[in-house]
Each structure stands twice: as structure tokens, then as C-alpha cells.
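Each chain gets a letter, A, B and so on, in the order its sequence line appears, and its residues count up from 1.
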Amino acid sequence: MQLRLHNGLTRRTEDFVPANPERVTMYVCGPTVYNYVHIGNARPPVVFGLLARLLKRRYPNVVYARNITDIDDKINAAAKSAGVPIDAITTHFAAAYREDMAKLGADEPDIAPRATAHIGQIIVMCERLIASGHAYAAEGHVLFDVASFADYGRLSGRSTEDMIAGARVEVAPYKKNPADFVLWKPSTPDLPGWDSPWGRGRPGWHIECSAMAEAHLGETIDIHAGGNDLMFPHHENEIAQSTCAHGGKVFARYWLHNGMLTFDGRKMSKSLGNVLVLHELLEKHSPEVLRFLLLKAHYRQPLDWSDTTLQQARATLDGWYRVLLDLADVEVSAEERKVPAEVESALLDDLNTPQAFAVLARLADGARSAATSEAKHEAKAALLGGGGLLGLLQQDPNIWFGSGHAETDVVTKLRRERRAARSAKNFARADEIRKELAAMGVTIEDKPDGTDNVIVRERLVETIGTSSSVKSQLSATAQLSDKVDLSN
RNA sequence: GGCCUGGUGGCAGAGUGGUCAUGUAGCGGCCUGCAAAGCCGCGUACGCCGGUUCGAUUCCGACCCAGGCCUCCA
């Protein structure tokens, strides 16, 4: 089965054919680390991490890079208002990002390059662009000359004339052309900076990705991915820089863009303020529920996030874990967890995760209805194998339902007492105990054989809300300093 | 204003030129000491108007609506 991907360059779904099957390269735009990311920011690493996983099953050597942008004016602003060096901000939030992504099961990149570790490459790239006539220096800045690149605007589907005519771009006096963008800019003494042929300065926003992709993956990469809000100007500018710095070589062969998360019907974004901070969501919800929900819609579609969708995600996973709970006695070794072909083929079709979930639902049905021990074994292996590829269903069901660690002596005692009452047909007492346990958040389900399942609901309140999220973001940042400006 | 997506059953969300998505919620029944779970069944889903077609939710056109980008943004 062929892997097919929707290529943003052609706006068509195409067969994925790597330039070199011996070394497949993928670059995903990572975060600018100046605060905690919101749940929408987690969609690319989760989705494209899954793509990396698929690629690694098919190609012997896949290099997946996900960068950290650790030099940026928002970082500078955060550091300045906190009265700390930018490192204090960037190391803290880069580490938090990495930890939170790990909790979501987002595949770790093979390389996580940082912009500040590539200043040399950035300067070299600027020099090359100037030498080849695609960039020019002016008043301590280096600017990309948009008019020098005929294909500028191809990815985002806009013409250079339109952009130049559109007067919404800030026009600095030193720009030849209003659409020209900054590769390098001067730093005042109070700002971080590096010595360069154009004086002490720092890189503009887009150049770091071009430099890091070149340094680690080469001049032409197979896949470049990120949110569709980056298509313009970020990815457009990356293409311009890299293509011109590499003598016209194709920069990225396949461009993948994920759709935005919406909340209250609008794009979740920092500027709108309707964000749910991932770091906080992870405290209130099972990471697996969050991961499931991130994969619930096809990655190119918008994905609606709400209390309702969260509860529905939880309920679906409960159902699948219940199957695993009922089959807890069926031993399945790691080697026996093969990925069912239907699950993989769904994902190979441009990462059709909703289709993969439909397959998983059928596998769960099959496991529920399996009669013989052989059939049970096979069905459980398929469910765990398919879930494994999606990064789901790998927990002990007892842990999932909470009884793995929440069963106290009191609960154990009451369960024993209840079983005795039931066998003595003292149903009044049995019901009473069930009520007592329910009040403690423990649900008892009787099984036909006289035993019971116990389900503990520790996370009783699975709700969301922006106000507390914003507050938590505030206090988290405030730990770095007591005077923080969170205006962005 | 320009460019680009999308409008599917209460909710979420795939897909297809002609019996089925799937999940979740609801209703009825079976099962159960009672529940829960499970099982069975149910609800005239494809924005609107035309066109093409034997047949369109699926193709084409117009319209309406929503969202995204054009400025920092995953």
C-alpha cells in the first residue's frame, strides 16, 4: 500500500516518493519558546509525529527534525519584563514543551535544533543571498529581495504584484520593495545580538528554519510540515530563502499543513485569548484523551474543541478500555501486537485518522464478541496493535479506570463485604454498599460470574475553561519573575 | 477587497455517482436480584437553487453561511 499525502504545493493528494529512500527527511516547524503552548500548538507534533512513525515503518533511515525557535522579539520582551536573560525563558519553556509533548505521546524528533545554535549558518546564508543578488544590506538590516524570486507566492497562491500592491505590509524606508522581509536586523545594546558583517544584530523570523533545515537535512528535504497559518508568510519566505540560497534547488518536495483548532467556533490563538494551555489541560485530563481528540478529525480539517468533544473522547476510550479490561486475563506479548492492515492503510491514505478509529471500533466489537480463547487472543492483539500505531490503548486498563492505584483498604473491604452480601442474597445491603462506593467515586459493575469490575473516577471534573487557563499561564510565567507583562 | 478551505443525522466526524461510515448522546426491547456493561432495534443526515445523469450528499454553475490567511500565530 502506497503512502499518499496531500501536497500543499500542488493542492493535490499525491503518492509519496522520497528523493532518496535511504534517507527520508522531514522538518516540522516547532514553537517559539516564550510561554506555555496551547493545545492547538500540539496538533502538528502529534499529527506529524504519527507521520514520522509511519515513515519509519517503511524506510530504514528517516530523519525527523522539529526545531525550537529560541530567539525572537516576543522572547526578548518576556525576558526584559521579567528581568532575566532570554536563556532563562527559553530553556524553561523548551523543556516544558518537550515534556508536555512526551506526555501526549508525540513522537520525539530525531533532531531538535535550536536557532541560537545556528547563528553562524544563518549569517552564511544571508551572505550567500546577498552575493547571488537575492538580498541586500541596508541600515544594519539584511532584506530579502522579493522581486528577485519569480516563484514568490506560489505556495500561498498569491502574486507578488498583489502583495506589493497590498499596502498592509509595514513599509520601512530602507526597503526596496514593500514586500521585502527581514533576514537580519540590528540589535540595540540591551537586546541579544551576535556580531555579523552588518554589525551586531539578530536573525529575522524566517531564516532560522531555512538554516536549520539545511544544516541537518540538506538543501532539498522531502517533507516540510506545520500549521496552515504558517503558509504565509513563514513558509513562503522559507521557500524563497532556501531556494535562492541553493541555486534554485527545490527546498521541500511535499508541504503538509494542518488545520487549526477552534474553540467557541473561532481559531484558538494567543492574540484572540481563547487558548487552553496544554500544560494545564494535562493536569486535569488524561493525556490519552487529549491525544485521541487531537487525532479525532482529519489533520487538514479544523478541529473543534469543547467540553462536549472532550467528554465524547473520554467515553469512546472508556469503551475500548472496557474491552481490554474484560480481556485482562488474555496474555498478549509485545511481539504479538501486529498492526492490522486496515489501520495502517487508513493512515497511509493521507493520515486518515478518523477512518483508523472506525477500524479500531470494529476491532473492539470483534474483541467483545470473541468466543473462543484463540479468538479472544487474536482480537486483543489486533486492538492493541492498531491502538499502538496510533499511540493509544497501551495502558493497563486498571490504571486507565483508576483502580490501579486508587483502591484503598476501605474499598477492598467494602467490595469483599458486598460480594458476601450478594452471595447471601442480601441485596439491600449490596445496593447500600454500592451507593457508599459511588459516593467515593468508585463504580461497581457486577459480572455474571459473581465477581465485579471496579471503576474509579478520580478525574470527576473533566471540564475546560479559558479564564483559569489564562490565569495559570500568568502564574507560571510569574514564577520566573514577579513583574511580567503578558500582553502578547 | 484579494487568496483559500469548508457547510453531513442532537453533538463530533469520515466517505462515496446507485444496499453500511464510525463514535457519542437519546429512545424502545433483551439480559440482570437491581444496576452497569453488553446485545438487538429506532430516528426520512448530507446548506440553498439550478444543471449534467437512468440515478447526485458525491460532478458542474450560481447563491447563502461559516472559518482561515493577507499583521505575531501550530
Side-chain angles (χ1 to χ4, degrees), chain A residues 8 11 28-32 34 37-48 66 72-74 77 153 155-159 161-163 165-170 179 205 225-236 257-262 265-272 275 278 292-320 322-323 325-326 346 349 352-362 364-365 368-369 422 425-428 430-431 434-435 438 443-448 452-453 455 488:
Chain A
R11 299 180 196 282
V28 174
C29 283
T32 300
Y34 64 98
V37 298
H38 61 71
I39 182 69
N41 296 301
R43 197 176 190 188
V46 166
V47 164
F48 300 124
R66 188 182 71 199
D72 173 90
D73 285 350
K74 284 195 286 293
L155 176 70
S156 53
R158 48 196 93 202
S159 70
E161 299 82 64
D162 287 349
M163 280 176 289
R168 294 190 62 178
V169 203
E170 175 201 349
W205 173 33
N228 67 9
D229 55 348
L230 293 181
M231 199 183 300
F232 187 88
H234 186 58
H235 290 161
E236 200 69 74
H257 291 105
N258 62 273
M260 297 293 103
L261 241 71
T262 60
R266 309 222 61 186
K267 173 188 173 185
M268 189 181 288
S269 81
K270 288 163 193 165
S271 41
L272 283 175
V275 298
L278 173 62
F292 176 88
L293 197 41
L294 285 171
L295 294 171
K296 179 84 175 26
H298 184 89
Y299 75 94
R300 283 192 281 117
Q301 296 303 127
L303 168 59
D304 191 46
W305 199 277
S306 69
D307 274 335
T308 309
T309 57
L310 206 49
Q311 280 158 13
Q312 290 176 349
R314 173 89 205 184
T316 302
L317 285 170
D318 271 352
W320 293 346
R322 193 181 295 278
V323 174
L325 185 67
D326 290 338
D349 181 17
N352 193 337
T353 49
Q355 178 59 35
F357 286 155
V359 175
L360 235 44
R362 279 201 292 276
D365 287 343
R368 256 192 303 267
S369 60
R422 288 186 72 222
K425 304 230 183 277
N426 183 358
F427 296 120
D431 289 348
R434 183 157 54 199
K435 264 187 199 164
T443 304
I444 294 290
E445 299 182 353
D446 294 326
K447 295 202 283 188
D452 57 22
N453 274 339
I455 291 174
N488 50 27

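Candidate nucleotides rG68(B), rA74(B), rG13(B) were compared by shortest atom distance to the side chain of A297(A), and rG13(B) ranks first.
A salt bridge between D431(A) and K435(A) is absent, with no side-chain N of the basic residue lying under 4.0 Å from a carboxylate O of the acidic one.
The distance from atom CZ of R314(A) to atom P of rA25(B) is 13 Å, rounded to the nearest whole Å. Atom CG in L261(A) sits roughly 9 Å away from atom C1' in rA74(B) (whole-Å rounding). The distance from atom NZ of K267(A) to atom C1' of rG67(B) is 11 Å, rounded to the nearest whole Å. Distance NE2 (H298(A)) to C1' (rG13(B)): 12 Å, rounded to an integer number of Å. Rounded to an integer number of Å, the gap from CG of L303(A) to P of rA14(B) is 9 Å. Atom CD in E445(A) sits roughly 16 Å away from atom P in rG33(B) (whole-Å rounding). Remark: C1' of rC72(B) and CG of D72(A) are 8 Å apart, rounded to the nearest angstrom. What separates CG of N41(A) from C1' of rC72(B) is a distance of 12 Å, to the nearest Å.
Annotation: rA45(B) and rU24(B) have their C1' atoms spaced 16 Å apart (nearest Å). Taking atom P in both rU22(B) and rU16(B), one finds a spacing of 16 Å when rounded to whole Å. If you take atom P in rC42(B) and the same atom in rG1(B), they sit 48 Å apart, rounded to whole Å. Atom name C1', nucleotides rG47(B) and rU57(B): the rounded distance is 11 Å, in whole Å. Separating the C1' atom of rC59(B) from that of rC65(B) is a span of 22 Å, rounded to the nearest Å. Across the C1' atoms, rC27(B) and rC70(B) are found 49 Å apart, a figure rounded to whole Å. With C1' as the reference atom, rA37(B) and rC48(B) are 44 Å apart, rounded to whole Å. The separation of rU19(B) from rU5(B), taken at their P atoms, amounts to 29 Å, rounded to a whole angstrom.
With sequence neighbours left out, the ring-ring contact (aromatic ring centres under 6.0 Å, His included) criterion links F357(A) to F292(A).
Closest of all the heavy-atom pairs between A297(A) and P354(A) is C-CG, 3.8 Å. Across every non-hydrogen atom of A364(A) and W320(A), the tightest pair is CB-CD1, 3.5 Å. Taking each heavy atom of S156(A) and R11(A) in turn, the nearest pair found is C-NH2, 3.7 Å. Nearest heavy-atom pair across P44(A) and G40(A) is CD-O, 3.7 Å. Nearest heavy-atom pair, N228(A) versus M260(A), reported as atom, atom and distance to 0.1 Å: OD1-CE, 3.2 Å.
A donor-acceptor contact shorter than 3.5 Å is absent between the side chain of R368(A) and the backbone of V323(A). Judged purely by atom type and a 3.5 angstrom limit, T316(A) uses its side chain to pair as donor or acceptor with the backbone of Q312(A).
Looking at heavy-atom distances under 4.0 Å, M231(A) makes no contact with the nucleic acid at all. Among the atoms of the strands shown, base atoms are found under 4.0 Å from some heavy atom of S269(A). Base engagement by I444(A) is indicated by at least one non-hydrogen atom pair under 4.0 Å involving a base atom. Looking at heavy-atom distances under 4.0 Å, D304(A) makes contact with sugar-phosphate atoms alone, never a base. Residue contacts shown for G157(A) are limited to sugar-phosphate atoms, with no base heavy atom under 4.0 Å away.
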Please write out the pairs of protein N or O atoms and N or O atoms of nucleotides 21-24 of chain B separated by less than 3.5 Å, giving the distance to one decimal.
residue	atom	partner	partner atom	Å
rG23(B)	O2'	T316(A)	OG1	2.2
rG23(B)	N2	Q312(A)	OE1	3.2

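Between the base of rC34(B) and the side chain of D446(A) there is a donor-acceptor pair shorter than 3.5 Å. A donor-acceptor contact under 3.5 Å is formed by the side chain of R434(A) with the base of rC34(B). A donor-acceptor contact under 3.5 Å is formed by the side chain of D431(A) with the base of rG33(B).
With the nearest nucleotide of RNA chain B identified for both R422(A) and D349(A), D349(A) has the one nearer the 5' end. Summary of the strand contacts: A430(A) and G259(A) both lie near RNA chain B, and taking for each the nucleotide with the nearest heavy atom, the more 5' one is attributed to A430(A).
Contact of the L155(A) side chain with the H257(A) side chain is registered, since non-hydrogen atoms from C-beta on lie closer than 4.5 Å. You'll find the side chain of V46(A) reaches within 4.5 Å of the side chain of L295(A), heavy atoms only.
Heavy-atom contacts from other residues, nucleotides or ligands closer than 6.0 Å to NZ of K447(A) number more than 12.
The phosphate of rG15(B) has OP1 or OP2 within less than 4.0 Å of a side-chain N or O from N352(A).
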> How does RNA chain B read in dot-bracket, base by base from 5' to 3', with Watson-Crick or G-U pairs under 3.5 Å and | used when the partner is on another strand?
Replying inline: (((((((..(((.....[...))).(((((.......)))))....(.(((..]....))).))))))))....
